[in-house]
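Below is one structure, written out as structure tokens, with a few remarks after it.
In the text below, chain A, chain B and the rest are named by the order of the sequence lines, each starting its count at 1. Just so it is clear, the values below take in all heavy atoms, side chains as well, and ignore hydrogens, waters and symmetry mates.
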Amino acid sequence: MEEAKASGTAAPGTESAGAKPVDFIRAIINEHNRSGRFGGKVHTRFPPEPNGYLHIGHAKSVCLNFKIAADYNGLCNLRMDDTNPVKEEVEYIESIIQDVHWLGFDWDDRLFYASDYYDRLYEYAVKLIRLGKAYVCDQGPDEMRQYRGTLTEPGRESPWRSRSVEENLDLFERMRKGEFGEGEKTLRARIDMASPNLNMRDPVTYRILHSTHHRTGEKWCIYPMYDFAHCLSDSLEGITHSICTLEFEDHRPLYDWYLDALDVYHPQQIEFARLNLTYTVMSKRKLLQLVQQKNVNGWDDPRMPTIAGMRRRGYTPGAIRNFCERIGVAKNDSVVDVELLEFCVREDLNLKAPRRMAVLDPLEVVIENYPEGQVEEFRLPNHPDDPSLGFRTVPFSKTVYIEKEDFMEEPSAKFFRLAPGREVRLRGAYFLTCTGVRKNGKGEVTGLTCSYDPQTKGGDAPDGRKVKGTLHWVSAAHAIKADINLYDRLFQVPSPEGGDNFLDLLNPDSLRRLSSAMLEPSLADARPGATFQFERQGYFCLDEKDGQTPVFNRTVTLRDTWAKIDKGEGDRGRKKAPAPGVKPAPKKEEAPKIAMEDFAKVDLRVGLIREVSLVEGSDKLLRLMVDVGEGRLRQIFAGIRPACPDLDDLLGRKVAVVANLKERQMKFGLSEGMILAGGEGERMGIVTLNGDPLPGDRIS
RNA sequence: UGGGGGAUCGUUCAACGGUAGGACAGCGGACUCUGACUCCGUCGAUCUAGGUUCGAAUCCUAGUCCCCCAGCCA
């Protein structure tokens, strides 16, 4: 086979082991370049319809189109696909222009509008009529639908299909002049009413819309349909590769048909899978609904997956571009984990964001042995790894605020922040030991008294003693009060886009407003839009500066290993754990929460019980040694004792084992799976398998 | 039950008849004046069944499942 990579399109040295794999679109382009189909030229376009704000899904397309053009030394146009004046607005056009620019792309003087081509499009339509390939149809919407047939039955030809060229020309001209009302007449392509592809059953090419267009005003009352306008706009602009999303795949025959029928320059349409993100919705209809119903505060609400929303939230263009790079491009339907986006944001911000200290939920600390009225100034670096970001000055005094959650009166073993008698470091300042706790009548902690070690100025102990915790802090006398918006995912479930009840799935805590945060004074100079890392908290950007109190939006939290530990302990300690090792059957009343797709991930295997023993200290658990066909026995602790008065009865039984479960360390030992059982107490039963399945056989 | 697409670690992208690899997530560890960053380690997948082949994620056959299409929206 010929070496594709040696064809000269790859830069020198890139065909070595580290070469980036080529996605399927570039593979097609490479093939075109090899065959000379477009003379080595690559010219793409990003063609949004200005009927909403751009979102992260559009960003994928923007990056794809502009990057491909750049990679191949070609060009990419920005084109507004404005063929439906009813839905489109100037506000959207402006936002699109701003957003694509903000993302870091430029189209020079190549901002186009499909409406730029209305005159020529009209001429093309006339030509189609002359060729006998289009006709004016008098069918109304309902009638046309009936004649179209169904997915399985062919359509019937319209009675108007055989009008003469002259009559069609005359009628079309009169449509243009406004002699007919909306819906009275359409221009249709004469293709094939029996085509299995519905798009080819004499599709409407022009429709009458007595509506003011945001650019052409009253000039037209007939407007071309997408399929007609799009392929010809591409053709007119000399686009080589018309990259669009998957749902247009079965429009490609029509794309090709129009261009062939008119015998004009013919770009190649290529379809890729649109981006979906977990915990959000991407359809413009749903986003519009959220805006209109005021579930969010406009298109640029920081919780929205729109470019404008992400900008306001503090996401950077570089992070978004990087994200689009990492998710790749293919034809699989995919839902990308929003954590990848957040990773990209952190990755970018970590490098650039100056560090600051901000206490979101303050707890007052009085340092008893610190001189009254004394103020020290510490010079702290803006970035731990990048000296070029410089320093700022932070004042310190007798009373400081620390984060409420950085103190625990009765700490667990793994908590290494402040607690009575414990010593921690105040970042960049001193070691601090908690000597007393102040409480209100309800027993809530309202403040601490602490002592500091003057020897540890700057944050290091001359005697070399270590502390486990370092806390951020703010001097009470110098603090700036601020409001903080804590944003979380908009929806509670990973895929809210499923049914029509997506509004029920909104996360009620997607925005938490904090109004008593205290910031270090250097933040007074922050400019709107500037992003900082509030140490140990996350990245925050200044939203607006009008009013007395500044407002910071949380862009994204820091990765928080402690939260996981803490939560894990909480789960173990507080919640009543179900009998381990048993998957409880769902109760009748409540619908099962497991989606079929999740269930399909369960690897259910036949397990042969080889050993059974009681577990000391538990009246529910049994220790089973089960053969799952792996050449060794798995130890499974199962809470099935109530179902098994006679242990010997279990020996040799074949049961259903969930084999791909993460093993679980229990106090009795490691449990390497789960066996299927249902019911509770004495009514519990174990799923037993009859017949001759072998241990390890998959159960489907 | 028409047509068009798609099925590879939990997620996503790769591997183009020759060792199934990367990233994110997870887990474990090292480091740390951010429980961050960084570093190291680790877990983990070819939809199913046949066939071709020395060799199959890749080719063939037959299934299964998922997505899209019946706008005068794009």
> Do the rings of A/His58 and A/His55 sit parallel, tilted or perpendicular, given the 30° and 60° boundaries?
Replying inline: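 Plane angle between 30° and 60°, so tilted.
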Counting the atoms with a prime plus P, OP1 and OP2 as sugar-phosphate, which does [X] contact under 4.0 Å by heavy atoms, base, sugar-phosphate, or nothing?
X        : result
A/Phe415 : base
A/Val335 : sugar-phosphate
A/Val329 : sugar-phosphate
A/His230 : nothing
A/Thr83  : sugar-phosphate
A/Ile327 : sugar-phosphate
A/Met144 : base
A/Tyr206 : nothing
A/Leu340 : sugar-phosphate
A/Asn51  : nothing
A/Pro384 : base
A/Phe416 : base
A/Glu143 : nothing
A/Thr186 : base

> Of the candidate nucleotides B/rG4, B/rG71, B/rA23, which contains the atom at the shortest distance from the side chain of A/Asp250?
Replying inline: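 It is B/rG4.
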>> Closest approach to the side chain of A/Glu249, judged atom by atom: which nucleotide of B/rG5, B/rG71, B/rC69 is it?
In response: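 Side chain of A/Glu249 sits closest to B/rG5.
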Would you say the side chain of [X] and the base of [N] hold a donor-acceptor pair, judged only by whether the two atoms sit under 3.5 Å apart?
X        : N      : answer
A/His472 : B/rA36 : no
A/Arg417 : B/rG35 : yes
A/Asn197 : B/rG4  : no
A/Gln533 : B/rU34 : yes
A/Arg355 : B/rU34 : yes

Is [X] close enough to [N] that one of its side-chain N or O atoms is under 4.0 Å from OP1 or OP2 there?
X        : N      : result
A/Lys331 : B/rG4  : no
A/Arg207 : B/rC73 : yes
A/Arg346 : B/rC37 : no
A/Arg148 : B/rG71 : yes
A/Thr470 : B/rU32 : no
A/Arg559 : B/rG35 : no
A/Asn199 : B/rC69 : no
A/Thr561 : B/rA36 : yes

For the ring pair [X] and [Y], is the centre-to-centre distance below 6.0 Å?
X        : Y        : result
A/Tyr430 : A/Phe378 : yes
A/Tyr279 : A/Phe491 : no
A/Phe540 : A/Phe532 : no

> Given that A/Asp337 and A/Gln537 both sit by RNA chain B, which one's nearest nucleotide is further toward the 5' end?
Replying inline: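 Result of the comparison: A/Asp337.
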>> Assuming nearest nucleotide by heavy-atom distance, tell me which of A/Asp333 and A/Ala563 is located more 5' along RNA chain B.
In response: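 Here A/Ala563 is the residue nearer the 5' end.
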[N]: pairing nucleotide in any strand, Watson-Crick or G-U under 3.5 angstrom:
N      : value
B/rA49 : B/rU61
B/rC37 : none
B/rA56 : none
B/rG10 : B/rC24
B/rG2  : B/rC69

[N] versus [M] - spacing of their [atom1] atoms, nearest Å:
N      : M      : atom1 : answer
B/rC40 : B/rU32 : C1'   : 15 Å
B/rA57 : B/rU19 : P     : 10 Å
B/rG44 : B/rG10 : P     : 10 Å
B/rG3  : B/rG26 : P     : 45 Å
B/rG18 : B/rU58 : P     : 11 Å
B/rG6  : B/rC47 : C1'   : 12 Å
B/rA23 : B/rG5  : P     : 34 Å
B/rU12 : B/rG4  : P     : 26 Å

>> With the stacking rule set at 5.5 Å and 30°, tell me whether A/Tyr226 counts as stacking on B/rA74.
In response: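 Stacking is absent between B/rA74 and A/Tyr226, given that the ring centres and planes do not meet under 5.5 Å and under 30°.
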>> Taking A/Asp192 first and then A/Arg201, would you say they form a salt bridge - that is, a charged N and a carboxylate O separated by under 4.0 Å?
In response: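 A/Arg201 and A/Asp192: not salt-bridged.
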> Among A/Tyr223, A/Tyr118, A/Phe172, A/Tyr135, whose ring-ring contact (aromatic ring centres under 6.0 Å, His included) with A/Tyr206 holds?
Replying inline: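 In the set A/Tyr223, A/Tyr118, A/Phe172, A/Tyr135, the residue that makes a ring-ring contact (aromatic ring centres under 6.0 Å, His included) with A/Tyr206 is A/Phe172.
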> Any luck finding a side-chain donor-acceptor pair between A/Gln139 and A/Gln146 under 3.5 Å?
Replying inline: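 Side chains of A/Gln139 and A/Gln146: no pair found under 3.5 Å.
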> Is B/rG29 syn or is it anti, if syn means the base angle is within 90 degrees of 0?
Replying inline: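 What B/rG29 shows is an anti base, its glycosidic angle lying more than 90° from 0.
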> Are the side chains of A/Trp220 and A/His213 in touch, meaning some heavy atoms are under 4.5 Å apart?
Replying inline: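 They are not in contact (no side-chain heavy atoms under 4.5 Å apart), so the answer is no.
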> Would you say A/Val22 and A/Asn30 make side-chain contact, with heavy atoms under 4.5 Å?
Replying inline: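 A/Val22 reaches A/Asn30 side chain to side chain.
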